[in-house]
Each structure stands twice: as C-alpha cells, then as structure tokens.
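One structure is given here, and the rest of the page talks about it.
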Amino acid sequence: MTIKTVLITGATSGIGLSLFNQYVARGDRVIACGRDANKLALLAADAYKTYQFDINNSDEIKQALQDLMQLEPLDIVILNAGDCRYIDNAKQFDGKLFADLIHTNLASLGWLLQYTMPHISKGGQLVFVSSSATILPFPRSEAYGASKAGMDYLANSLRIDLANENIKVTLVHPGFVKTPLTDKNDFNMPFLITSEQAATRIIAGVDKGKAYLHFPKRLTYLLKFLSLLPKPIWQKMITHNNPPQDKV
Ligand SMILES: NC(=O)c1ccc[n+]([C@@H]2O[C@H](COP(=O)([O-])OP(=O)(O)OC[C@H]3O[C@@H](n4cnc5c(N)ncnc54)[C@H](OP(=O)(O)O)[C@@H]3O)[C@@H](O)[C@H]2O)c1
C-alpha cells in the first residue's frame with residue numbers, strides 16, 4: 001500500500017490516539033495535533049510531525065500550521081478533536097457552556113479547514129468525526145448535539161463543493177466509544193466499543209473512500225429505525241427514560 005500523509009487533530013487521547021497508533025503501525029506519515037504539550041511529546045518519536053495548538057485559538061492554529069507547506073502534501077486530514085459537556089438543567093440554560101461547545105466542536109473547524117485545505121493533495125480526503133447523537137436528539141445534549149449536527153451539514157455541503165477538486169469527504173458517526181471523554185458519563189452507554197475498534201472501523205472506511213461511516217451498527221441502525229417512527233413515539237420513549245432534571 002502507498003504511504004500516506006495523515007494529519008489528525010485530537011491525536012493525544014481516545015479515538016485520535018488510536019487512529020495515530022494504527023496509522024503509524026502500518027507505516028504512514030502521521031502528523032499529530034493536540035493541545036496538551038506533554039501528551040504530544042510522547043508521540044513525537046513516532047510522528048512525522050507534531051503540532052501543538054488550542055483549536056479555540058485561531059492565531060495558534062495559524063502559527064502552528066504555517067510550515068505545513070514544507071511537508072509532504074496531506075492525503076488524509078482527520079478533524080477529530082472535540083469535547084462533550086451536557087446541559088444539566090434546560091430551565092437554567094447555560095449559555096456559556098453552549099457557546100463554548102459550539103466554538104470547540106464547530107466554529108474551530110472553519111480555521112482548521114482554512115489552514116489545512118491548501119495543503120490537501122488532489123485525490124485527498126477530509127474526515128469529520130461527528131457523532132451518532134445527530135441521528136436522534138439525546139437528553140441533555142442540546143449543545144453537543146447542535147455542534148455535531150452543524151458539523152454534519154458542513155461535511156455534507158463540503159462534499160458537494162470539493163467533488164470538482166477531487167477531494168473526498170467522509171462523515172463519521174461513532175456510537176459510544178470508551179475514552180476519557182465518555183469515562184465522565186454517569187449513564188449506561190449501550191454497545192460501548194473500544195477506541196481501537198473505532199479507529200479500525202474509521203481507517204477501513206476511509207481506505208474505501210466512503211462518504212459516510214457509522215458504528216457499531218447494532219446501535220446506529222436502532223437509532224435510525226427509531227428516527228423513522230412518528231416524532232411523538234420516540235419523543236415519548238426518550239422522555240420516559242429521562243427523569244425530571246431536578247430529581248437527577
Ligand atoms: N467517545 C465517544 O463515545 C464518542 C462518540 C461520538 C463521537 N465522538 C467524538 O470523537 C472525537 C474524539 O473524542 P474522544 O472520545 O476520543 O475524546 P478524548 O479522549 O477526550 O480526546 C479528545 C481529543 O481532542 C483534543 N481536544 C479537545 N479540546 C481541544 C482543544 N480546545 N484544542 C485542541 N485539542 C482539543 C484533546 O487534546 P488534548 O488531550 O491535547 O487536550 C484530545 O486529543 C470528539 O470529536 C468526540 O465528539 C466521541
């Protein structure tokens with residue numbers, strides 16, 4: 001297989017770290033991006049290059065990625081860095097949490113695209129790590145779900161505009177994956193998979209140039225089926241399983 005140049009944001013933890021390890025293991029040139037300098041330093045020996053920046057800071061992104069032009073053209077860019085926090089009380093809506101999450105998970109993508117796009121090769125591929133939370137609305141997920149739904153639209157729209165540029169766009173909807181991000185969750189996560197399993201599925205789908213990936217299928221097909229039912233039915237099911245927030 002030809003050696004590829006792969007840039008991964010959020011390569012220092014969870015799904016991004018497993019993607020990093022698996023691409024490195026098969027001999028690709030991997031550019032690891034992260035916010036935590038110490039975690040990033042641990043990847044330096046295996047990485048083609050490391051870039052440290054906070055995706056919420058456009059100046060840091062610009063500064064860090066300015067020498068991309070001196071590297072091999074990017075074959076695959078995986079926009080994976082992200083955060084998940086919940087709106088614990090919808091009646092006392094936390095505007096700052098909402099704005100922060102939209103910024104981290106969605107607005108930052110504009111800057112990342114601006115500074116990586118000129119370096120993506122013809123025949124290259126952009127990969128967006130969204131969430132199966134956009135298939136059906138989950139409780140307390142107003143901010144996270146909205147940020148990922150925005151990402152879905154961005155990816156699907158870009159796919160149309162980049163087709164003539166010969167750049168593919170892959171949108172990924174993972175279900176629950178065991179990572180530091182979900183270790184904080186205090187609820188049952190059905191069909192939880194490991195970050196290694198998630199990375200294997202993403203890499204296989206990206207290799208095939210797929211436009212859309214979702215896994216594990218036993219969860220995502222269930223969500224897709226429920227989403228086809230009349231709204232009052234799934235609304236009732238979800239509300240039934242979601243206790244009033246002042247009793248949580
Ligand atoms: N885990 C799941 O069940 C699940 C399900 C669906 C979708 N996803 C999505 O998958 C992606 C990866 O999640 P994960 O579960 O692997 O989470 P994770 O283990 O918490 O890793 C998050 C990664 O994003 C980076 N990151 C977060 N905020 C950043 C910021 N402001 N600037 C720069 N880097 C930042 C972190 O960098 P540092 O470590 O350097 O701070 C870390 O590398 C996220 O977009 C998440 O929404 C996860």
Side-chain angles (χ1 to χ4, degrees), residues 7-22 30-44 47 50-65 77-86 97 99-112 115-116 127-136 138 141 143-152 154-155 170-202 212-216 219-220 223:
L7 181 146
I8 305 169
T9 68
T12 45
S13 175
I15 297 171
L17 180 57
S18 293
L19 285 167
F20 174 86
N21 288 332
Q22 291 185 25
V30 191
I31 303 172
C33 305
R35 171 180 47 180
D36 184 318
N38 293 326
K39 288 197 251 169
L40 206 51
L42 297 175
L43 308 183
T50 59
Y51 289 122
Q52 195 240 328
F53 54 82
D54 187 324
I55 52 173
N56 286 315
N57 186 325
S58 58
D59 291 336
E60 278 187 25
I61 300 175
K62 182 180 180 185
Q63 177 80 20
L65 297 184
V77 171
I78 307 183
L79 299 171
N80 159 79
D83 193 11
C84 178
R85 282 183 286 147
Y86 297 107
L97 184 156
D100 286 352
L101 216 55
I102 295 289
H103 202 278
T104 302
N105 288 352
L106 181 61
S108 70
L109 297 174
W111 299 110
L112 291 165
Y115 296 119
T116 56
V127 182
F128 290 84
V129 181
S130 178
S131 169
S132 55
T134 63
I135 299 172
L136 260 190
F138 289 175
S141 298
Y144 182 70
S147 70
K148 293 298 190 181
M151 183 193 252
D152 286 4
L154 170 66
T170 302
L171 175 64
V172 187
H173 280 170
F176 294 108
V177 183
K178 185 167 169 36
T179 68
L181 184 139
T182 48
D183 285 344
K184 294 179 284 187
N185 287 348
D186 55 2
F187 53 84
N188 176 39
M189 291 180 278
F191 310 118
L192 185 72
I193 60 171
T194 65
S195 61
E196 290 79 18
Q197 290 172 314
T200 303
R201 283 170 168 84
I202 293 171
Y212 177 54
L213 304 173
H214 60 101
F215 55 80
L219 175 71
T220 50
L223 293 174

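Just so it is clear, the values below take in all heavy atoms, side chains as well, and ignore hydrogens, waters and symmetry mates. Numbering of ligands and ligand atoms starts at 1, following listing order.
Residue contact check: Pro180 has heavy atoms under 4.0 Å from atoms 19 (O) of ligand 1. Close contacts of ligand 1 with Ile15, meaning ligand atoms under 4.0 Å from a residue heavy atom, involve 10 (O), 16 (O), 48 (C). Of all atoms in ligand 1, numbered sequentially from 1 with element shown, those under 4.0 Å from a heavy atom of Asn56 are 31 (N). Of all the atoms in ligand 1, the ones that sit under 4.0 Å from a non-hydrogen atom of Gly14 are 16 (O), 19 (O). Interface atoms of ligand 1 facing Phe53, defined by a heavy-atom separation under 4.0 Å, are 32 (N), 33 (C). Each of the atoms 38 (P), 40 (O) of ligand 1 lies under 4.0 Å from some heavy atom of Asp36. Atoms of ligand 1 lying under 4.0 Å from any heavy atom of Ser130, numbered from 1 in the order shown and given with element: 6 (C), 7 (C), 8 (N), 9 (C).
Using a 4.5 Å heavy-atom cutoff, the side chains of Ile55 and Thr104 are in contact. Proximity of Ile135 to His214: side-chain heavy atoms (C-beta onward) are nowhere separated by under 4.5 Å. Using a 4.5 Å heavy-atom cutoff, the side chains of Pro174 and Val129 are in contact. Between Ile202 and Asn80, the closest side-chain pair of non-hydrogen atoms is not below 4.5 Å. Counting heavy atoms from C-beta on, the side chains of Thr200 and Phe215 never come closer than 4.5 Å. Side-chain contact between Trp111 and Phe53: absent, with no pair of heavy atoms (C-beta onward) separated by less than 4.5 Å. Side-chain contact between Tyr212 and His173 is present, with at least one heavy-atom pair separated by less than 4.5 Å.
Atom 29 (C) of ligand 1 has its closest protein heavy atom at Arg35 CZ, 3.5 Å. The nearest heavy-atom contact from the protein to atom 17 (O) of ligand 1 is Leu181 CB, 3.3 Å. For atom 4 (C) of ligand 1, the nearest protein heavy atom (residue, atom name, distance) is Gly175 O, 4.0 Å. For atom 3 (O) of ligand 1, the closest non-hydrogen atom of the protein is Val177 N, 2.7 Å. Here the protein heavy atom with the shortest distance to atom 22 (C) of ligand 1 is Gly82 O, 3.7 Å. Nearest non-hydrogen protein atom to atom 18 (P) of ligand 1 is Ser13 OG, 3.5 Å. Closest to atom 31 (N) of ligand 1 among all protein heavy atoms lies Asp54 OD1, 2.9 Å. Nearest non-hydrogen protein atom to atom 14 (P) of ligand 1 is Thr179 OG1, 3.6 Å.
Counting heavy atoms under 4.0 Å from ligand 1, residue Lys148 touches it through the side chain alone. At a heavy-atom distance under 4.0 Å, only side-chain atoms of Lys39, from C-beta outward, approach ligand 1. Residue contacts with ligand 1 for Thr182 involve side-chain atoms from C-beta outward but no N, CA, C or O (heavy atoms, distance under 4.0 Å). When heavy-atom distances to ligand 1 are checked against a 4.0 Å cut-off, Asn80 comes that close through both its backbone and its side chain. Counting heavy atoms under 4.0 Å from ligand 1, residue Ser195 does not touch it at all.
Partner of Ile78 under the side chain to side chain contact (heavy atoms under 4.5 Å, CB included) criterion, chosen from Val172, Val127, Thr9: Val127.
Every heavy atom of Ser132 sits 4.0 Å or more from the atoms of ligand 1.
Among the atoms of Thr104, none of the N or O lies under 3.5 angstrom from an N or O of ligand 1. Between Pro174 and ligand 1, no N or O atom pair is found at a separation short of 3.5 Å.
Across Phe128, Tyr144, Phe176, heavy-atom proximity to atom 8 (N) of ligand 1 is greatest for Tyr144. Checking Thr12, Ile193, Leu79, Ile55 against atom 37 (O) of ligand 1, the nearest heavy atom belongs to Thr12.
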Under the side chain to side chain donor-acceptor pair (under 3.5 Å) rule, what do Asp36 and Thr12 come out as? Steps first, then yes or no, please. CA-CA 7 Å; Asp36 184 318; Thr12 45; over 6 Å; no
Pair Leu19, Val30 - check side chain to side chain contact (heavy atoms under 4.5 Å, CB included), show working. CA-CA 10 Å; Leu19 285 167; Val30 191; over 6 Å; no
Would Tyr86 and Phe138 count as a side chain to side chain contact (heavy atoms under 4.5 Å, CB included) if you check the C-alpha gap in whole Å, the side-chain angles of each, and the deciding distance to 0.1 Å? CA-CA 10 Å; Tyr86 297 107; Phe138 289 175; over 6 Å; no
Report the C-alpha distance between Leu7 and Cys33 in whole Å, list the side-chain angles of each, state the deciding distance to 0.1 Å, and finish with yes or no for side chain to side chain contact (heavy atoms under 4.5 Å, CB included). CA-CA 7 Å; Leu7 181 146; Cys33 305; 3.9 Å; yes
Could you go step by step and tell me if Lys39 and Leu17 meet the side chain to side chain contact (heavy atoms under 4.5 Å, CB included) rule? CA-CA 10 Å; Lys39 288 197 251 169; Leu17 180 57; over 6 Å; no
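Taking CD from Glu60 and CG from Asp54, the interatomic distance works out to 5.5 Å, rounded to the nearest 0.5 Å.
Looking only at distances, no side-chain donor or acceptor of Thr182 sits under 3.5 Å from a matching main-chain atom of Asn185.
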